[in-house]
Amino acid sequence: MTAHRVTAPEPPADGSKPKGPASYFPSIEKTYGRPVQEWLDLVVDRLDGQKHMEVVAWLKTEHGMGHGHANALVGYVRNALAD
């Protein structure tokens, strides 16, 4: 496991809907039955040695995730690790 941890974002304090990749997170939790933090942790580990689209493909193949959901998770993690 990599030393980095990307945490799931808190919902906006003003009650608005999240923007960007995080806007997919409620649907990801509902559709796949796992907290988004678990998915983020899995993606962080995979990105340690694989490219963006390799991790997207892995989420789709191994976990039955749709492309948009997989891409949102990987994109969110990549952006967080770049900061």
Side-chain angles (χ1 to χ4, degrees):
M1 184 171 181
T2 165
H4 302 290
R5 180 143 201 257
V6 174
T7 56
E10 293 293 325
D14 64 2
S16 65
K17 293 193 179 230
K19 305 284 187 225
S23 66
Y24 287 85
F25 292 174
S27 177
I28 290 170
E29 288 183 338
K30 182 179 178 184
T31 303
Y32 306 105
R34 294 169 77 172
V36 75
Q37 187 61 59
E38 287 184 25
W39 294 113
L40 295 174
D41 292 342
L42 289 171
V43 169
V44 166
D45 287 345
R46 285 281 168 163
L47 276 176
D48 199 27
Q50 295 182 347
K51 295 179 181 177
H52 181 109
M53 290 309 294
E54 291 173 331
V55 180
V56 169
W58 173 76
L59 287 167
K60 292 167 65 174
T61 303
E62 295 296 318
H63 297 284
M65 193 169 279
H67 182 82
H69 286 161
N71 196 51
L73 286 168
V74 177
Y76 181 84
V77 169
R78 287 191 65 206
N79 288 338
L81 293 176
D83 289 342

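Sequence positions, counted from 1, serve as the residue numbers for this chain.
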Without placing hydrogens or testing angles, list every side-chain donor-acceptor pair under 3.5 Å for residues 73-82, not counting sequence neighbours.
{"from": "Tyr76", "atom 1": "OH", "to": "Thr7", "atom 2": "O", "distance (Å)": "3.3"}
{"from": "Arg78", "atom 1": "NH1", "to": "His52", "atom 2": "ND1", "distance (Å)": "3.4"}
{"from": "Asn79", "atom 1": "ND2", "to": "Gly75", "atom 2": "O", "distance (Å)": "3.3"}

key: Nearest heavy atoms of Val36 and Ala8, plus distance in Å   = CG1-CB, 3.5 Å
key: For the student: nearest non-hydrogen atoms of Pro21 and Ala72, plus distance   = CB-O, 3.4 Å
request  = Any chance you could measure Trp39, atom CH2, to Tyr32, atom OH, to the nearest 0.5 Å?
outcome  = 8.0 Å
query = Any side-chain heavy atom of Tyr24 within less than 4.5 Å of one from Pro18?
reply = no
query = With a 4.5 Å limit on heavy-atom distance, are the side chains of Glu29 and Gln37 in contact?
reply = no
task = Start with the C-alpha distance between Arg34 and Leu42, add both sets of side-chain angles, then the distance that settles side chain to side chain contact (heavy atoms under 4.5 Å, CB included), and finish with yes or no.
result = CA-CA 12 Å; Arg34 294 169 77 172; Leu42 289 171; 3.7 Å; yes
Please tabulate, for side-chain N and O atoms in residues 56-68, each donor-acceptor pair with protein atoms closer than 3.5 Å (sequence neighbours left out).
{"from": "Lys60", "atom 1": "NZ", "to": "His67", "atom 2": "ND1", "distance (Å)": "3.3"}
{"from": "Thr61", "atom 1": "OG1", "to": "Ala57", "atom 2": "O", "distance (Å)": "2.9"}

ask   = Given Asp41 and Arg5, is the side chain to side chain contact (heavy atoms under 4.5 Å, CB included) satisfied, shown in steps?
value = CA-CA 7 Å; Asp41 292 342; Arg5 180 143 201 257; 3.2 Å; yes
query = Any side-chain donor paired with an acceptor under 3.5 Å for Thr31 and His69?
reply = no
